[in-house]
Amino acid sequence: MQHADQKKIGFAIVGLGKFATEQMMPAFKETKHARLVALVSGSPDKAARLARAYGIEPKNIYNYQNFDTIRDNPAVEVVYVVLPPALHAEYTERAARAGKHVLSEKPMAPTVADCQRMIEACKKAGKKLMIAYRAQYEPFNLDAIARIRRGELGKLLQITADHGRIVDPVDDPADTWRVVQKMAGGGSLMDIGIYSLNAARYLTGEEPTEVTAQEMTDKSDPRFQEVEDRIHFTLRFPGGTLATCTSAYSIQQVKRFRAFGSQAWLDLDPATDYDRHHLVIGDKEGQREPQLKEGNQFAAELDHMAECVLKNKTPKTPGEEGLRDIRLVHAIYEAARTGKKVKV
Ligand code: NDP
């Protein structure tokens, strides 16, 4: 066990919030190449309790003030930033300066300039930067992409993608920063609509050339004083696919997409949930539900980052992938604001 662990890449998690503690930390139990060795938190009691639960040495607990001393800890090779988006750039830069590879949560950062700073910092330090687009490591999504690439749907003509949830800072402390523009960088589009956007890009395998958008936000709702609620957008792809995407913070949970080809359609609903993915394919013969095995997408994502470090490979979802989405997010905001098509 110890020998196997020594070949694993050591990760430090920065920000011990809901997603880090409920999804990502438990996932380390299922990784082959990654292990959790350090914690960075502004909450010492929580960090101490989690360190005990995960067998992390007390000397490997950091706070935001002494974080830079992580450079002296050779056990940490990757810093995984799970902070609110406005803090991703600062901690990526500090981690890179400390000589660590970086895995950053999505959305990469609020602005294009922040994303560029993150890419530049890691490049300068000779370190890898990966954005945690977990759906791109998830078996049902990978299967959908493979079917489209094999031409099983015929020519890919249309995509619809919907992501929504109820945001409620009163009920869920993890939603507090989500309605604060300077922390979240935007509203539902930055947080969950980005899954619709990213899916349209990975399903087509292309970059859109043009976007249109409409926003509908009830400004009398105290949740939406700073950030948008509902935003619908279309993406035009060079190969002829049109994608119609929605994003909302005021509807019950939806995380789905459907790809329509000239010969068949493929529906994944949910598509980007943590589990219980459901795939249906329809064509002129009727509908079928191919049986796929659920996999731990969180562990797969962590293992991918670790393997990139072990084998000196570029991550499948590097900083540039996050930057592309953030550029498009801002093009969508511009299209919604002006009511005009925006070329990208
Ligand atoms: P939380 O609010 O639950 O966690 C954020 C943590 O960051 C806090 O618990 C805190 O940890 C730390 N923190 C430091 N400074 C601040 C600050 N000023 N305000 C708030 N928190 C701060 O949010 P989530 O866990 O939901 O989201 C964290 C990140 O993960 C975001 O980037 C989000 O987009 C992403 N995410 C990704 C998901 C995915 O499926 N890939 C799903 C959910 C979220 P501490 O007390 O340890 O200092």
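All values below come from the heavy atoms of this structure, side chains included, with hydrogens, waters and symmetry mates left out. Just so you know, residue 1 is the first one in the sequence shown, and it goes up from there. This one's a predicted model, so the numbers in the text were calculated from it and none came from an experiment. Order of listing sets the numbers, starting from 1, for every ligand and every atom in it.
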How does [X] reach ligand 1, if at all, at less than 4.0 Å between non-hydrogen atoms: by side chain, backbone, both, or neither?
| X | value |
| --- | --- |
| K18 | both |
| K46 | side chain |
| M24 | neither |
| Y133 | neither |
| T176 | neither |

So is [X] polar-close to ligand 1, meaning N/O to N/O under 3.5 Å?
| X | answer |
| --- | --- |
| G42 | yes |
| P173 | no |
| L83 | yes |
| F19 | yes |

Inset, instruction - Within a distance under 4.0 Å of any heavy atom of M183, pick out the atoms of ligand 1 and give their elements. - result: 18 (N)
Legend entry - A47, G17, P84, S43: member with heavy atom nearest to atom 17 (C) of ligand 1: P84
Inset, instruction - Could you name the option among M108, M190, E105 that has the heavy atom nearest to atom 35 (C) of ligand 1? - result: E105
Legend entry - Flag, side chain of T209 to backbone of F237, donor-acceptor distance under 3.5 Å: no
Inset, instruction - Would you confirm whether E206, through its side chain, and R201, through its main-chain N or O, come within 3.5 Å as a donor-acceptor pair? - result: no
Inset, instruction - Say whether I61 and V82 are linked into one hydrophobic cluster, either directly or through other cluster members, by side-chain heavy-atom distances under 4.5 angstrom. - result: no
Legend entry - From R223, R165, K18, residue fulfilling side-chain hydrogen bond (donor to acceptor under 3.5 Å, both in side chains) relative to D175: R165
Legend entry - Among R324, K106, E321, side-chain hydrogen bond (donor to acceptor under 3.5 Å, both in side chains) partner for N198: E321
Legend entry - K219 charged N/C atom sitting above F224 aromatic ring, 6.0 Å / 45°: no
Legend entry - Sub-6.0 Å ring centroid separation between F28 and F298: no
Inset, instruction - For the residue pair Y202 and F257, categorise the inter-ring angle as parallel (less than 30°), tilted (30 to 60°) or perpendicular (more than 60°). - result: perpendicular
